[in-house]
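What follows is a set of notes on a single structure, which appears directly below.
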Amino acid sequence: MRSLGLRPDNFTFPSVINACAGLSDMENGKFVHECILEMGFGSDLFVCNALIDMYSRFRCLDEARNLFDKMSQRDIVSWNCLISGYSANKEWIEAVEIFSLSRNSGLLPDSFTVSSILPAFGNMFYVEEGLIIHGLIHKIGVDSDRLINNGLISMYCKFESLNDARKVFDEMGSRDNVSWNTMICGYSQVGLFSDAIMMFKDMIIRFKPDLLTLTDVLKACGHMKDLEFGKFVHEYMKSKGFNCSTLAGNILITMYARCGDLCSSLGVFDQLPVRDSVSWNSLISGYIDSKCYGEVIKLFKMMNDSEVKPDSVTHLMLLSMCTEQAEFIHGKVLHCNVLKMGFNSSLTVSNAILGMYAKCGSSEDSLKQFEEMKIRDAVTWNTLISGSVHSGNCELGLKVISQMRTEGLIPDCATMLSILPACSFLAIKKQGKEIHGSILKFGLDSEVHIGNALIEMYSKCGSLQNALHVFNSLKMKDVVTWTALVSAYGMYGEGKKALRAFSEMESMGILPDRIAFVAIIYACSHSGLIQEGLQCFHQMKDNYRIKPEAEHYACVVDLLSRSGHLDEAEKFILEMPVKPDASIWGALLSACRSSTSGSQISERVSKRILGCDPNNTGYYILVSNVYAGLGKWEQVSRIRKSMKGKGLKKEVGCSWIEIQNRVYVFGTGNRYIEQSEEIHKLLKKLSRLMVKEGYVADKKSVLHDVADDEKMDMLCGHSERLAIAFGLLNTKPGTKLQIMKNLRVCGDCHTGSTTGFAPPNPSTISSESSSQEDSKRFPWKVHLEEWNVPWIGRLFHEICLRNVLLDCFLMQQKLLAVSALERYEVWTYLEQYSIDTVGQYESRRALLYLYSGADMDVYFPYTEEKKRITAFNPEIEELLYDDSQHKEHIGVLKDCSKPISMVRLDRVKNITGLVAFYGKNAKSKRVSKPCCGGWRLQKGVKGLKSRRK
């Protein structure tokens with residue numbers, strides 16, 4: 001046309017522009033645009049609309065927008081071209097913006113406008129705007145348009161409003177393949193696979209599905225594990241002549257693998273003419289899911305030798321396999337491959353390597369990998385924390401979360417769920433409370449999973465009240481929440497409360513699962529509620545149709561055995577419908593140790609249990625202890641030799657206590673410990689006092705063939721007693737002591753802690769026992785609340801009545817030349833037994849004389865004790881601060897140290913008289929040097945301060 005010298009007009013250019021757009025010929029398109037400007041058609045409406053459409057197809061959206069903005073005149077086509085251009089190029093925000101401008105300009109949209117904007121609303125999840133546009137469709141009368149209805153179905157599917165999508169689908173006058181495909185894909189995307197399959201069955205009656213529909217249905221069959229219908233679809237594809245492309249073949253491989261038919265999956269893989277990395281990965285993933293790990297390694301080697309090399313996804317799958325199986329060596333090899341192929345730059349792959357090392361228990365390698373990572377996200381930190389806790393290195397997990405907070409990262413829900421088990425495992429309530437505070441600070445307390453973990457943490461850390469507080473504060477409770485509460489009650493011997501909680505859970509419509517029944521039977525077992533526990537067991541079978549598993553049978557055996565019904569427990573085991581394993585026999589054997597009538601049963605069970613699990617150290621120890629309790633030392637020797645021959649070793653028993661953020665660990669019989677001499681002296685003293693309280697040592701707890709005297713020494717050297725004594729020496733009176741033990745506590749130590757050391761109000765002791773002493777940790781938590789004050793007060797009361805106080809506290813006949821602990825014991829006695837009954841002034845004066853030689857700063861700030869001393873009598877205030885009134889007493893204190901061998905000690909009737917007696921003798925110069933264990937008062941300051949002479 002141009003060669004003939006004919007001049008194009010405004011009707012010529014739109015056709016030429018559309019041709020350039022159809023051919024994706026940008027060079028000629030821009031040349032045509034230049035010609036348009038030269039000929040003066042740049043302001044023509046139809047030409048500009050064609051240019052906007054052309055540039056939109058070329059993805060030159062900036063040029064299209066510039067043309068649109070420069071247009072002096074626009075019509076509906078102008079707006080539609082720009083909106084469809086943005087929408088086609090997935091520029092959803094800009095598409096919505098232009099649509100809003102068109103509505104503000106008063107333009108009424110047509111069917112093309114609506115069909116272009118619907119994908120934008122769906123992908124941006126603009127639900128409210130989508131509902132408005134649906135109403136507008138009815139208003140402008142385009143609701144019968146099939147293209148628009150397909151767009152509405154797609155939009156509602158993206159909103160996951162399948163009911164609305166199905167309503168539009170059902171109301172459509174005519175449907176095409178797009179309508180059916182959109183609905184089937186929508187059902188699959190939200191996990192309604194059975195609905196997708198049902199719709200496909202309806203579709204093939206009226207329409208021939210395309211390959212996209214078939215692949216969606218195959219995905220649904222894979223998720224539903226519907227192998228039969230999956231094979232039907234595969235045969236349908238063959239009969240209708242569908243070419244099995246690589247994409248379709250990959251989906252078939254995945255479908256067969258998920259359904260467990262690895263032979264068919266491998267058959268499809270072998271028939272593929274072209275295989276890509278997805279083909280290999282789909283097959284490998286199927287073998288991993290079927291736990292055919294040997295075949296996975298073979299396929300990985302084959303893939304290495306093929307043209308298609310393993311990619312990052314392949315390595316991720318194999319790393320996850322090594323993580324699950326704790327395969328350290330294979331994981332190391334994969335790590336080397338990752339470094340060689342350069343996949344270590346991927347954060348996902350690096351996190352997988354970190355998780356593999358952490359799960360394998362290699363703290364050194366996991367920390368090295370962590371330090372080498374240049375980029376870290378929340379998953380990185382959470383992986384290291386959870387891996388450390390899972391492998392038993394809880395201390396590392398706590399250090400990592402501390403570093404995480406130091407670097408300014410905010411923990412998320414996964415972080416808290418990873419670290420709370422560490423607090424439960426170590427029973428460190430202080431750190432648990434700090435984490436609880438962080439949970440409240442970051443607003444994670446509304447998560448039901450977090451609440452469940454907190455309940456478990458507090459119950460295992462010895463704080464049932466805090467566990468109940470968390471439970472009551474949860475707005476939503478699931479079966480795990482109630483199970484945690486029932487388990488907590490059971491741990492503390494509150495069986496009746498556990499039953500009430502279980503009944504309340506049922507009344508709220510929450511169905512208990514198998515773990516809930518384990519918890520309730522366990523609670524009944526530890527509370528002696530035999531009938532209630534058996535009733536729960538039968539209720540589980542009859543009412544809830546839950547098939548009992550080994551743990552349920554073990555709990556019932558423990559329930560009967562603990563109550564002394566050993567014959568019934570053995571009969572129950574023999575009548576079980578399943579073969580009893582070692583854990584069930586272990587529950588019975590553990591109870592036989594504490595029963596005098598179970599000797600015959602214990603011998604029978606001992607033979608059975610070693611046959612069930614001959615390589616378990618815990619069962620060998622349990623059997624050995626049973627024979628030792630029966631006095632059959634030859635059998636004990638035989639068991640121990642058998643263990644030695646198999647290379648089995650008993651886990652060394654130890655106890656630990658946390659004091660001022662430091663953990664002190666004690667081993668049984670260990671004399672090379674901090675404050676060893678003071679600890680053993682205190683234990684001997686406590687043993688004498690316990691005997692006076694009526695305590696009789698259980699020598700059967702010493703499972704060695706030694707003399708009685710040596711048994712007593714061995715009992716005193718148990719790690720839990722060492723930890724208790726150390727706690728007494730290094731904490732303030734009234735402090736709650738929490739002792740943790742890695743093995744089951746011996747019977748004598750348990751009895752001694754609950755009787756010999758108990759205050760008038762019983763101590764709170766929770767002991768989570770087990771049917772065996774194996775390598776698992778059975779937390780033993782002893783909570784001794786103020787026990788080193790009340791029983792001492794009771795003891796001193798008796799001593800004062802017998803007039804032998806000085807036999808205990810005036811050692812070497814030196815006034816107050818005793819330990820600070822003993823001085824504080826007397827102080828406590830005076831406060832509890834003298835101040836309220838004896839003369840106030842004299843009692844407080846006695847306190848001043850008595851405690852003047854102690855290091856007050858060690859036990860409590862003076863300011864607090866000064867309030868306690870002066871609470872009843874203002875004269876004491878003057879005694880403390882008025883030098884003129886205090887002068888006489890200071891002189892007495894400076895001069896009361898000389899031994900007084902000539903004084904008859906039995907004349908002293910009480911503490912007040914004791915101080916008055918020595919005050920009188922000091923004035924008469926019978927005593928001339930300072931005493932008080934090397935401490936004296938320092939004048940010139942407000943209050944009492946002490947310093948070493």
- Under the side chain to side chain contact (heavy atoms under 4.5 Å, CB included) criterion, do M457 and I435 qualify, and how do the steps go? CA-CA 11 Å; M457 183 273 294; I435 294 171; over 6 Å; no
- Could you go through the side chain to side chain contact (heavy atoms under 4.5 Å, CB included) check for T314 and D311 one step at a time? CA-CA 5 Å; T314 316; D311 56 8; 2.7 Å; yes
- side chain to side chain contact (heavy atoms under 4.5 Å, CB included) between L454 and H436, worked out: CA-CA 8 Å; L454 283 171; H436 191 182; 3.6 Å; yes
- Message: Test side chain to side chain contact (heavy atoms under 4.5 Å, CB included) on M321 and E324; report intermediate values, then the result.
- Response: CA-CA 5 Å; M321 180 190 74; E324 183 181 352; 5.8 Å; no
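Rounded to the nearest 0.5 Å, atoms OH (Y287) and OG (S282) are 13.0 Å apart. With rounding to the nearest 0.5 Å, the separation of OG1 in T406 from CD1 in I401 is 10.5 Å. Here the straight-line distance linking atom CG of L485 with atom CG of L468 works out to 6.0 Å at 0.5 Å rounding. Here NE2 of H680 is found 11.5 Å from CZ of R721. Values are rounded to the nearest 0.5 Å. The structure places CG of N393 at 10.0 Å from CZ of F425, a figure rounded to the nearest 0.5 Å. In this structure, CZ on F300 lies 10.0 Å from CE on M317, to the nearest 0.5 angstrom.
In the displayed structure, L440 atom CG is contacted under 6.0 Å by more than 12 heavy atoms of other residues, nucleotides or ligands. Other residues, nucleotides and ligands contribute only 12 or fewer heavy atoms inside 6.0 Å of the CD atom of E364.
The closest side-chain heavy-atom distance from K477 to V448 is not below 4.5 Å. In this structure, the side chains of M356 and C360 come closer than 4.5 Å at one or more pairs of heavy atoms. In this structure, T348 and V379 have side chains that are not in contact, with every pair of non-hydrogen atoms separated by 4.5 Å or more. Looking at heavy atoms from C-beta onward, D276 lies out of side-chain contact with V308 at the 4.5 angstrom threshold. Looking at heavy atoms from C-beta onward, T483 lies in side-chain contact with D513 at the 4.5 angstrom threshold.
Among all heavy-atom pairs drawn from F442 and P411, the shortest one is CE1-CD, 3.6 Å. Contact between S350 and N344 at its shortest, heavy atoms only, is OG-O, 2.9 Å. Residue F666 comes nearest to I657 through the heavy atom pair CE1-CG2, 3.9 Å, listed as atom of the first residue, atom of the second, then distance. In terms of heavy atoms, A352 sits closest to T323 at O-OG1, 4.2 Å. Among all heavy-atom pairs drawn from M505 and P512, the shortest one is CE-CB, 3.5 Å. When all heavy atoms of P421 and V389 are compared, the pair lying nearest together is CB-CG1, 4.1 Å.
Residues passing the side-chain hydrogen bond (donor to acceptor under 3.5 Å, both in side chains) test with H223 are R258, sequence neighbours excluded. Partners of K681 under the side-chain contact (heavy atoms from CB on, under 4.5 Å) rule, at least two apart in sequence or in another chain, are E677. In this view, E371 and R376 satisfy the salt bridge (Lys or Arg N to Asp or Glu O under 4.0 Å) rule, not counting sequence neighbours. Qualifying side-chain contact (heavy atoms from CB on, under 4.5 Å) partners for N730, counting only residues two or more places apart in sequence or in other chains: I659, Q675, F726. Judged as a ring pair (Phe, Tyr, Trp, His ring centres under 6.0 Å), and not counting sequence neighbours, Y126 has no contacts. Listed by chain and number, the residues in a side-chain contact (heavy atoms from CB on, under 4.5 Å) with A358 are S366 (sequence neighbours excluded). In this view, E678 satisfies the salt bridge (Lys or Arg N to Asp or Glu O under 4.0 Å) rule with no residue, not counting sequence neighbours. Partners of E549 according to the salt bridge (Lys or Arg N to Asp or Glu O under 4.0 Å) rule, which considers only residues two or more places apart in sequence or in another chain, are R514. Applying the side-chain contact (heavy atoms from CB on, under 4.5 Å) rule to K368 yields the partners E372; only residues at least two apart in sequence or on another chain are considered.
Looking only at distances, no side-chain donor or acceptor of S391 sits under 3.5 Å from a matching main-chain atom of G361. Between the Y492 side chain and the G462 main chain, a donor and an acceptor come within less than 3.5 Å of each other.
Residue pairs meeting the side chain to side chain donor-acceptor pair (under 3.5 Å) criterion with at least one partner in residues 379-390, sequence neighbours excluded, are N351-T380, D377-T380, N382-D412, N382-T415. For residues 441-457, the side chain to side chain donor-acceptor pair (under 3.5 Å) pairs, not counting sequence neighbours, are N452-D478, N452-T481, E456-K460.
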Sequence neighbours excluded and cut-off under 3.5 Å, please list the side-chain donor-acceptor pairs for residues 329-339, or say none.
residue	atom	partner	partner atom	Å
K332	NZ	D365	OD1	3.4
H335	ND1	Y357	OH	2.8

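No close placement of the H526 and Y489 rings is indicated, their centers lying 6.0 Å or farther apart.
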